[in-house]
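The structure appears right after this line, and notes come after that.
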Amino acid sequence: MATNRAPRSRGVLVGALINEADVNDRLLDVDVEAESGIPVAVEFIDGPVPLAPDEPVRLADELTVVISSDRLVQGSRAPLELTVDSSAQIATTVTVEPQTGLYSEIEVPSRPMAPR
């Protein structure tokens, strides 16, 4: 996750999802927690993310999931759960990265976006 330095930090979920099933699927929800298990605001720009079979979806390339919180600290790790329509929930942790170096060119909106 790459974040900017605004008072209420906004970040973009960075990563690729690959649907290994033979049928279309969708990413329906993303849950992120900050320190002490505090929920973090998650915004889907265009609603559920389509996942075609065997086609990677690069979340930051298409600016699909934006995360907002003043409690996500750069360098920390945050629990993340992905809810996909046709499979079990996926739980992992992500590192909160500054919008520099490898992440410097990733678009991080400074305020909530209207759907495209």
Side-chain angles (χ1 to χ4, degrees):
M1 174 185 333
T3 61
N4 61 19
R5 292 191 177 94
R8 180 166 177 86
S9 292
R10 296 180 58 76
V12 175
L13 188 58
V14 177
L17 300 176
I18 300 175
N19 174 8
E20 295 181 341
D22 294 330
V23 296
N24 289 329
D25 209 342
R26 299 178 307 156
L27 175 63
L28 300 175
D29 194 22
V30 174
D31 290 316
V32 181
E33 293 181 357
E35 298 171 352
S36 304
I38 298 169
V40 172
V42 176
E43 176 184 359
F44 276 69
I45 302 303
D46 289 324
V49 178
L51 303 170
D54 293 320
E55 291 190 27
V57 174
R58 289 174 180 79
L59 298 171
D61 289 352
E62 300 177 22
L63 189 59
T64 54
V65 181
V66 178
I67 297 164
S68 302
S69 177
D70 56 0
R71 297 186 182 264
L72 288 173
V73 178
Q74 292 177 359
S76 68
R77 295 192 55 82
L80 178 118
E81 289 185 354
L82 303 172
T83 301
V84 180
D85 196 22
S86 299
S87 70
Q89 201 168 44
I90 301 162
T92 188
T93 59
V94 294
T95 303
V96 179
E97 298 285 350
Q99 191 182 9
T100 60
L102 178 64
Y103 304 103
S104 64
E105 308 244 344
I106 293 176
E107 177 187 356
V108 178
S110 59
R111 61 182 181 277
M113 299 179 61
R116 293 188 267 178

Problem set entry | Pairwise distance CG(D29) to OG1(T83) - rounded to 0.5 angstrom | 5.0 Å
Exercise. Is there a side-chain contact between F44 and L27 (heavy atoms, below 4.5 Å)?
Worked result: yes
Problem set entry | S69 side-chain N/O to R71 backbone N/O, donor-acceptor pair under 3.5 Å | yes
For this session: Could you tell me which residues satisfy side chain to side chain donor-acceptor pair (under 3.5 Å) with S76, sequence neighbours excluded, listed by chain and number?
Result: none
Seminar exercise, completed: Between V108 and R10 the two heavy atoms that sit nearest each other are CG1-O, 3.1 Å
Problem set entry | L80 vs L13 side-chain heavy atoms within contact, under 4.5 Å | yes
Exercise. Does a side-chain heavy-atom distance below 4.5 Å link V12 with L59?
Worked result: no
Problem set entry | Donor-acceptor under 3.5 Å (D25 side chain, S86 main chain) | yes
Exercise. Do you know which two heavy atoms are closest between N19 and L51, and how far apart they sit?
Worked result: ND2-O, 2.9 Å
Problem set entry | Nearest-0.5 Å distance, CG of residue D54 to CG of residue D22 | 7.5 Å
Exercise. Hey, quick one: are L28 and V84 part of the same hydrophobic cluster, counting side-chain heavy atoms closer than 4.5 Å, chains of contacts allowed?
Worked result: no
Exercise. Can you tell me if CZ on R58 sees more than 12 non-hydrogen neighbours from other groups inside 6.0 Å?
Worked result: no
Problem set entry | Contact summary for Q89 and L82, nearest pair of heavy atoms | CG-O, 3.3 Å
For this session: Assess whether side chain to side chain contact (heavy atoms under 4.5 Å, CB included) is satisfied between V96 and V73, documenting all intermediate values.
Result: CA-CA 7 Å; V96 179; V73 178; over 6 Å; no
For this session: Decide whether V94 and V57 are clustered together by the hydrophobic rule: side chain heavy atoms of Ile, Leu, Val, Met, Phe, Trp, Tyr closer than 4.5 Å, transitively.
Result: yes
Seminar exercise, completed: Minimal heavy-atom distance between A60 and V14, with the atoms involved, is CB-CG2, 3.9 Å
For this session: State which residues pass side chain to side chain contact (heavy atoms under 4.5 Å, CB included) with P79; sequence neighbours excluded, sorted by chain then number.
Result: E33
Exercise. Can you find a heavy atom in the side chain of I45 that is under 4.5 Å from one in the side chain of V66?
Worked result: yes
For this session: Start with the C-alpha gap between D31 and V42, add the side-chain angles, then the distance that decides, and say whether side chain to side chain contact (heavy atoms under 4.5 Å, CB included) holds.
Result: CA-CA 7 Å; D31 290 316; V42 176; over 6 Å; no
Exercise. Rounded to the nearest 0.5 Å, what separation is found between the CD atom of E97 and the CD1 atom of I106?
Worked result: 9.5 Å
Exercise. What are the two closest non-hydrogen atoms of V40 and A34, and how far apart are they?
Worked result: CG2-N, 3.6 Å
For this session: Drop me the distance from E43's CD to T64's OG1, to the nearest 0.5 angstrom.
Result: 11.0 Å
Exercise. Roughly how far apart are L72 CG and I38 CD1, rounded to 0.5 Å?
Worked result: 10.0 Å
Exercise. Atom CD in Q74, atom OG1 in T95: separation rounded to 0.5 Å?
Worked result: 12.0 Å
